[in-house]
**Q** 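Would you mind keeping the following structure in view while I ask a few things?
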Amino acid sequence: MRISQLFGKTQREIPAEAETVSHQLLLRTGMIYQVSAGVYSYLPLAWRVLKKIENIIREEMDAAGGQELMMPVLQPLELWQETGRDRAFGKGLFTLCDRRDRSLCLGPTHEEVITRLVSQYVRSYRDLPRLLYQIQTKFRDEPRPRAGLLRLREFTMKDLYSFDTDEAGLSQSYDKMLKAYQNIYARCGLPTLVVEADSGAIGGKDSHEFMVITENGEDEIIYCPGCQYVANADKAQSIKSKVDSEQPLPLEEVATPGATTIEKLSNFLRIAPNRTLKAVFYTADGEIIFAVIRGDLEINEVKLKNALRCFELHIATEAEVTGAGIVAGYASPVGTRNIKTVVDDSVTPGVNFVAGANKPDTHIRNVNYPRDFKADITTDIAKTHAGEGCPKCGSKLLSTHGIEVGHIFKLGTFLSEKLGAFFTDPEGASHPVIMGCYGIGLGRLLAAAIEQNHDDKGIIWPVSIAPYHIYLCPLYLDSPEVVATAEKLYKELETEGLEVLFDDRQESPGVKFNDADLLGIPIRVTISPRTLKKDSAEVKKRSEKESQLVPLENLAERLKGLAGAE
RNA sequence: CGGGGUGUAGCGCAGUUUGGUAGCGCGCAGCGUUCGGGACGCUGAGGCCGGAGGUUCAAGUCCUCUCACCCCGACCA
């Protein structure tokens, strides 16, 4: 490709819109153009990269036994109502009406469609297992699209769905995908970490995420230096510090004017925060919920949401709280009736906690579970922080950040049951098909690759996903010899199957070199009167500082080796 | 949805306080001199000042309403 003909231009200045490195570089290189929040056009360079990523994914899916198919973006809302997941996605679902006033949605994913499809064609255990996948545009009305391609409303995703007869089969499918995913990231030049994850709106049990570790990633990862434990902070558990048990003492009111926070309360009463109870109100699908946790801990809303099995959860508004007859700042589980209460397991050992009294400026001492209050649910709803003890080995946990570039789930049977995907076993009995699903966002992968591979000059593409292999860079185009050599080499290299970006522009060396670095093409080949004196070209890898002179004679061969080798 | 911010040429910005002919740098076009890490000179093109309504002799600037985008929080590939 001749740069003079290429659609798209590099930009010298950093667009004000962009804060993330990948976003800045994608804009500066002229690879993407924003159409609307979280919606982009992909220019030729970006599209080439995306197609390469897509092909790597396709090859690995096929190698793992996947069969590619295609399903629609436009889906009847009814299908989503059948599984109830229209509510799970909530406002994230793009919905619309057709001319007959039928409700449709733009598919945020395709489990419903494929499960219905499978229900039609899978009848017997002989039809299983199956691994089906598609690479398709998906739509999610994200509350906040951001960081260029890292969080989009319209994005391309590869989704594979597995269908098995039993748990062992599901585990096999799951492992196959886990390995296939590791191959994909390795081939894309992206080191990733496999992390235990929460399954969110997709639902299901086991779930892992693939994380690219970068300090500015939006996910927090908790990991253990002592063992193999790694988990998303939303999911991570830890050993909660212990507070010595005591003999339960009788309840006792105490005046605590102005002590509306745990900090003020513990200062006022001169007790450690872990001897107090923190009470937080939430509204879960419209119902007021009471969450109780030890004062030194915080509530993890993802865990709380899972415990409640609700669709929508937010901290209760003041109106919602007072409407339920509760005094904010002095709320207490003691004596609270008719409100569903979720209690963190840190609270259950009795240690004479201080809790609110449900009246202004008053707390109660010596509150103990279950003597003084009841819990509808007792489980772990605490945020896990670095520094706490690893749940597996007890070492101190550490934390880092990452970008989620893939997510795999064991779904089980809830979708197949609801959508009627059953098979008959050898004994003639009917069972729901056991499902798994496995997703990778292509744009996100591309952005993560840039986050991971760049310097202050620009992108440093891994060869496997680079838009071109070679940046052919002739200097001094007023020299006929330079032009002739470059033109000849351009044809030669392309004949050899190398992908060449030919900088045929009449620009100064500085401009060309800077663009070469910005665009991050793995190998730069410079031709100038200086190199021609030695019948050579200068070859420089983007990833290395040093260049070398290579004789023109077998240059094509040498370059082929370089491009293939990485 | 809550909080913060920004909309003026393709990009980065000034101008808004105090209303009075819309500016700068980069980029773009032409000519010339240059040329191994974003060269220089001259000439030129390019603007519904995000949109609507209002105040005024006069609005980029003042008032009202609105829209879009970015950033921080709750969601996710």
Side-chain angles (χ1 to χ4, degrees), chain A residues 8-20 23-24 27-28 30 33-39 57 88-93 108-109 135-159 181 197-202 207 209-212 218-219 232 234 282 299-302 304-305 311-315 317 403-409 437-448 457-458 473-479 482 506-518 524 526-531 538 540 547:
Chain A
K9 263 196 178 77
T10 57
Q11 262 176 229
R12 193 175 301 195
E13 273 164 307
I14 300 170
E17 301 272 87
E19 296 218 332
T20 320
H23 191 193
Q24 290 176 351
L27 289 171
R28 284 188 62 205
Y33 178 81
Q34 181 167 5
V35 174
S36 159
V39 179
I57 293 174
F89 274 93
K91 286 184 176 163
L93 206 56
T109 175
I135 299 169
Q136 168 69 283
T137 306
K138 317 229 172 181
F139 294 83
R140 291 182 195 175
D141 196 356
E142 290 290 337
R144 190 154 85 86
R146 48 187 210 91
L149 299 190
L150 281 178
R151 187 170 211 77
L152 295 161
R153 290 150 87 206
E154 173 174 342
F155 58 101
T156 309
M157 187 166 134
K158 185 287 303 175
D159 238 342
Y181 272 42
D198 178 72
S199 52
I202 307 288
S207 164
E209 289 167 335
F210 295 81
M211 292 282 191
V212 172
E218 58 179 345
D219 286 285
N232 190 307
D234 287 339
Y282 286 89
I299 290 170
N300 174 332
E301 292 183 11
V302 173
L304 178 59
K305 199 170 168 184
F311 295 118
E312 193 270 339
L313 180 76
H314 64 260
I315 295 229
T317 62
I403 299 167
E404 181 191 353
V405 290
H407 200 159
I408 60 180
F409 305 78
C437 80
Y438 317 84
I440 293 185
L442 304 213
R444 186 118 120 195
L445 184 52
L446 184 157
K457 288 285 197 178
C473 188
L475 305 180
Y476 307 98
L477 294 189
D478 47 0
S479 154
V482 166
Q506 197 93 41
E507 289 285 359
S508 69
V511 170
K512 291 191 173 194
F513 288 154
N514 276 297
D515 271 346
D517 287 347
L518 179 61
R524 187 183 78 194
T526 308
I527 294 169
S528 74
R530 195 193 288 183
T531 67
E538 181 202 84
K540 179 183 171 299
S547 61

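Numbers restart at 1 for each chain; the letters A, B, ... are given by sequence-line order, proteins then strands.
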**Q** Relative to Phe155(A), does Arg444(A) satisfy both conditions: NZ or CZ under 6.0 angstrom from the six-membered ring centre, and within 45 degrees of the ring's axis?
**A**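 Relative to the ring axis of Phe155(A), which defines the angle, Arg444(A) lies outside at least one limit.
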**Q** P atom, G54(B) versus A68(B): distance in rounded Å?
**A**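 It works out to 23 Å between them.
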**Q** Would you kindly give the CD-to-C1' distance between Gln24(A) and C11(B), to the nearest whole Å?
**A**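 After rounding, the reported distance stands at 14 Å.
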**Q** Hey, does Lys91(A) reach any base, or is it just sugar-phosphate, or nothing, if we go heavy atoms under 4.0 Å?
**A**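 Nothing: the residue Lys91(A), judged by heavy atoms under 4.0 Å, touches no strand.
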**Q** Please classify the nucleic acid contact of Glu404(A) as base, sugar-phosphate, or nothing, using heavy-atom distances under 4.0 Å.
**A**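 Here Glu404(A) touches the bases of the nucleic acid.
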**Q** How many Å lie between CD on Glu209(A) and P on C76(B), as a whole number?
**A**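 Taking atom P of C76(B) as the reference, CD of Glu209(A) is at 10 Å.
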**Q** When rounded to the nearest Å, what value does the distance between C1' atoms of C63(B) and G38(B) take?
**A**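 That atom pair is separated by 46 Å.
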**Q** What's Asp219(A) touching, base or sugar-phosphate or nothing? Going by heavy atoms closer than 4.0 Å.
**A**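 Contact class for Asp219(A): base.
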**Q** Scan Arg146(A) against the nucleic acid and name what it touches under 4.0 Å (heavy atoms): base, sugar-phosphate only, or nothing.
**A**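 Sugar-phosphate, backbone atoms only, no base.
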**Q** Within the 4.0 Å heavy-atom criterion, would you say Val405(A) contacts the bases, only the backbone, or no part of the nucleic acid?
**A**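 Contact class for Val405(A): sugar-phosphate only.
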**Q** Just to verify, which of Leu477(A), Val482(A), Leu475(A) counts as forming a side-chain contact (heavy atoms from CB on, under 4.5 Å) with Ser479(A)?
**A**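 For Ser479(A), the side-chain contact (heavy atoms from CB on, under 4.5 Å) test succeeds with only one of Leu477(A), Val482(A), Leu475(A), which is Val482(A).
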**Q** Output the rounded distance in Å from NE2 (His23(A)) to C1' (C69(B)).
**A**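 After rounding, the reported distance stands at 11 Å.
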**Q** State whether the distance check finds a donor on one side and an acceptor on the other, under 3.5 Å, for side chain Arg28(A) versus base G12(B).
**A**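 Counting by modelled atom types and ignoring angles, no donor-acceptor contact under 3.5 Å is found here.
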**Q** Remember a base hit wins even if backbone is also touched, and classify Ile14(A) as base, sugar-phosphate or nothing at under 4.0 Å, heavy atoms.
**A**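 The answer is sugar-phosphate, as Ile14(A) gets under 4.0 Å only of primed atoms, P, OP1 or OP2.
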**Q** Expressed in angstrom and rounded to an integer, what is the separation of Glu13(A) atom CD from A9(B) atom C1'?
**A**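 In whole Å, A9(B) C1' and Glu13(A) CD are 14 Å from each other.
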**Q** Using a 4.0 Å heavy-atom cut-off, does Pro15(A) contact any base of the nucleic acid, only the sugar-phosphate backbone, or nothing at all?
**A**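 Sugar-phosphate only.
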**Q** Under 5.5 Å between ring centres and under 30° between planes: true for Phe155(A) and the base of A77(B)?
**A**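 Here the ring of Phe155(A) and the base of A77(B) are stacked, with centres under 5.5 Å and planes under 30°.
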**Q** Is it the case that the base of C75(B) and the side chain of Arg144(A) share a donor-acceptor contact (distance under 3.5 Å, atom types as modelled)?
**A**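 Under the 3.5 Å cut-off, the side chain and the base do not form any donor-acceptor pair.
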**Q** Using a heavy-atom cut-off of 4.0 Å across all strands, would you classify Ser36(A) as base, sugar-phosphate, or nothing?
**A**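 Result for Ser36(A) = sugar-phosphate.
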**Q** What integer number of Å spans the P atoms of A9(B) and U61(B)?
**A**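 These two P atoms come out 15 Å apart once rounded.
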**Q** At under 4.0 Å between heavy atoms, what does Arg153(A) touch on the DNA or RNA strands: base, sugar-phosphate, or nothing?
**A**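 Here Arg153(A) touches no strand at all.
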